[in-house]
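Please read these numbers as outputs of a predicted model, since none were measured by experiment. Residue numbers start at 1 and run along the sequence shown.
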Amino acid sequence: MTISRRRFLESGAELGAISMLAGAPALAAAGGEARFFVIGDWGRDGKHHQRAVAGAMAAAAVAADPAFIVSAGDNFYESGVTGLHDPQWRTSFEDVYSQDSLQRPWHVILGNHDYRGDVEAQLAYSTLSRRWEMPARYYARKLAAPGGGAEIFYLDTSPFIRKYAGTVTNTAGQDPRAQLAWLERGLAASGARWKIVIGHHPLYTALGGHGHDQPDMIAAFEPVLRRHKVALYINGHDHSMQYVEMGGIAYVTTGAGSHTYQPGPASRAGYCSGDHGFLAVAVGAAAVRLDFIDVRGRTVFGKTLAV
């Protein structure tokens, strides 16, 4: 089943009927699960397998009917957009993710490459687009699902990375402490069964070590995530698919929307791959299911987070 523009406008973020897609039974929702997809590090004018990933995501969306799609940042390479009329809006977004099944809400956050361009234009595009949703640099959204549902907190992580100060990744004027206080308040007040946080930069990765783990992110966010029993942190930035558990929290990297690299074997117990693809998330009453889907529509790694 495809979703038309009319149905998208009428239904908003409500989940519609689920249909099956031959060859991808793992994506068929069951038991009232609510689904969303996450894609990171993608905007390259359709090149570097971006179109192939878009095609796989469109086919998977027919089967799973996700409530929305999340962009985990680095939406436009190499230097964001120059304004509302930058041709990349069409060549890297509208013309690439053009299938009917992808005409649904996109919840968008910023990456470090977006901070090299006009950030305000990415915020303002929300007023022009039927699906591009970035109401602020950081924000929260609830997802209805059995057993209390989920609340997702979308972060703006570039201002937390100290090495960007004074560079072309212009985070001047941002207040990390205010954002951290907002997250603390939101997580403390949330009554959702599942608390999920999404940012562009990782805390921990399966590869570990300098250049993969982000000490600035760990120092700022790990105490907050642990204190409020966050189950899942999702990020982009590292151009790969990765999964690792640290301190009872699942850390998932999905930065394989276009250009990737071959990361080698995981140095921690987990998963990592240079496959191109995206992440499918299914939220149920008793579990959250994570599936990495490659350009051929195959689940290359899956994990269930149980209560």
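- When every heavy atom of Cys272 is checked against every heavy atom of Pro265, the shortest pair comes out as SG-C, 3.8 Å.
- Under 3.5 Å, the side chains of Arg44 and Ser258 contain a donor-acceptor pair of N or O atoms.
- Two residues are said to be in side-chain contact when any heavy atoms from C-beta on lie closer than 4.5 Å; Ile109 and Leu155 fail this criterion.
- With hydrogens and angles disregarded, a donor-acceptor distance shorter than 3.5 Å links the side chain of Arg104 to the backbone of Pro66.
- In this structure, the separation between CG on Leu232 and CD1 on Ile249 is 9.5 Å, given to the nearest 0.5 Å.
- Annotation: the span from His107 atom NE2 to Tyr139 atom OH amounts to 6.0 Å, rounded to 0.5 Å.
- Contact check for Met217 versus Tyr204: no side-chain heavy atoms found under the 4.5 Å cut-off.
- Remark: the backbone N or O of Thr205 is paired with a side-chain donor or acceptor of Asp213 at under 3.5 angstrom.
- Between the side chain of Thr91 and the main chain of Pro87, a donor-acceptor pair closer than 3.5 Å is present.
- The distance from the CG atom of Asp294 to the CZ atom of Phe278 is 9.0 Å, given to the nearest 0.5 Å.
- Looking at Thr82 and Asp86, their side chains do bring a donor and an acceptor atom within 3.5 Å of each other.
- Residues Thr260 and His239 bring no donor and acceptor atom of their side chains to less than 3.5 Å of each other.
- Side-chain contact between His276 and His259 is absent, with no heavy-atom pair separated by less than 4.5 Å.
- For Lys195 (side chain) and Leu187 (main-chain N/O), a donor-acceptor pair under 3.5 Å exists by modelled atom type.
- At distances below 3.5 Å, at least one donor-acceptor pair connects side-chain atoms of Gln103 with backbone N or O atoms of Gln99.
- Val70 and Phe153 fall into different hydrophobic clusters, where Ile, Leu, Val, Met, Phe, Trp and Tyr residues are linked whenever their side-chain heavy atoms come under 4.5 Å apart, directly or through other members.
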Using side-chain contact (heavy atoms from CB on, under 4.5 Å), reason through Leu203 and Gln214 one step at a time and then give a plain yes or no.
CA-CA 5 Å; Leu203 278 73; Gln214 291 281 343; over 6 Å; no
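- Every side chain to side chain donor-acceptor pair (under 3.5 Å) that Tyr115 has, sequence neighbours left out, goes to Arg137, Asp156.
- Under the ring-ring contact (aromatic ring centres under 6.0 Å, His included) test applied with Trp106, the options Tyr154, Tyr97, Tyr125 reduce to a single match, Tyr97.
- Between the side chain of Gln50 and the backbone N or O of Ser92, at least one donor-acceptor pair lies under 3.5 Å.
- Between His200 and Asp41 there is a side-chain heavy-atom pair separated by less than 4.5 Å.
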Notebook entry, point to check: Does the pair Tyr233 and Val252 meet the rule for a side-chain contact (heavy atoms from CB on, under 4.5 Å), with working shown?
Noted result: CA-CA 6 Å; Tyr233 179 85; Val252 182; over 6 Å; no
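- For the residue pair Ser240 / Gln242, a side-chain donor-acceptor distance below 3.5 Å is found, with atom types taken as modelled.
- Side chain to side chain, Asn75 and Gln122 meet the donor-acceptor criterion of an N or O pair below 3.5 Å.
- No donor-acceptor pair closer than 3.5 Å links the side chain of Thr299 to the backbone N or O of Ile293.
- Of all non-hydrogen atoms in Val38 and Thr254, the two that sit nearest each other are O-OG1, 3.4 Å.
- With no hydrogens or angles considered, no side-chain donor-acceptor pair links Glu133 and Ser126 at under 3.5 Å.
- With contacts defined as side-chain heavy-atom distances shorter than 4.5 Å, the pair Trp42/Ser71 qualifies.
- In terms of heavy atoms, Gly236 sits closest to Pro202 at O-CD, 4.2 Å.
- Considering only heavy atoms from C-beta on, Glu78 comes within 4.5 Å of His113 through its side chain.
- Note that CG of Asp65 and CZ of Phe36 are 15.0 Å apart. Values are rounded to the nearest 0.5 Å.
- Panel note: side chain Gln88, backbone Asp45; no donor-acceptor pair is recorded below 3.5 Å.
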Quiz item: Stepwise, does the salt bridge (Lys or Arg N to Asp or Glu O under 4.0 Å) test hold for Glu94 with Arg131?
Solution: CA-CA 10 Å; Glu94 301 290 359; Arg131 52 180 171 159; 3.0 Å; yes
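- Within 6.0 Å of CZ on Arg162 lie no more than 12 heavy atoms contributed by other residues, nucleotides or ligands.
- Annotation: side chain of Phe68 is not in contact with side chain of Phe37 (no heavy-atom distance under 4.5 Å).
- In terms of hydrophobic clustering, with Ile, Leu, Val, Met, Phe, Trp and Tyr side chains grouped at heavy-atom distances under 4.5 Å, Ile198 and Trp182 are assigned to different clusters.
- Each of Phe221, Tyr164, Tyr251 was compared with His201 under the ring-ring contact (aromatic ring centres under 6.0 Å, His included) criterion, and only Tyr164 meets it.
- Looking only at distances, a side-chain donor or acceptor of Ser101 sits under 3.5 Å from a matching main-chain atom of Ala58.
- Remark: Lys229 NZ to Arg227 CZ distance equals 11.0 Å, nearest 0.5 Å.
- Hydrophobic clustering of Ile, Leu, Val, Met, Phe, Trp and Tyr side chains at less than 4.5 Å, counting indirect connections, unites Leu225 with Ile161.
- Under 3.5 Å, the side chains of Asn112 and Ser158 contain no donor-acceptor pair of N or O atoms.
- Smallest separation of non-hydrogen atoms from Gly302 and Asp291: CA-OD1, 3.7 Å.
- Across Ala72 and Asn235, no two heavy atoms sit closer than the pair CB-C, 4.2 Å.
- Contact between Val283 and Ala150 at its shortest, heavy atoms only, is CG1-CB, 4.2 Å.
- Side chains of His237 and Asp74: a donor-acceptor N/O pair is absent below 3.5 angstrom, by distance only.
- Counting heavy atoms from C-beta on, the side chains of Asn170 and Arg116 never come closer than 4.5 Å.
- Under the 4.5 Å side-chain contact rule for hydrophobic residues, Trp132 and Val119 share a cluster.
- By the rule that hydrophobic residues join a cluster once side-chain heavy atoms approach within less than 4.5 Å of another member, Leu207 and Tyr271 end up as members of separate clusters.
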Discussion item. Run the salt bridge (Lys or Arg N to Asp or Glu O under 4.0 Å) test on Lys303 and Glu245 for me, step by step, so that the C-alpha distance in whole Å, both residues' side-chain angles and the decisive distance to 0.1 Å come before the verdict.
Written reply: CA-CA 11 Å; Lys303 184 73 175 183; Glu245 295 179 17; 3.8 Å; yes
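- Here Trp89 contributes atom CH2 and Asp95 contributes atom CG; the two are 13.5 Å apart, rounded to the nearest 0.5 Å.
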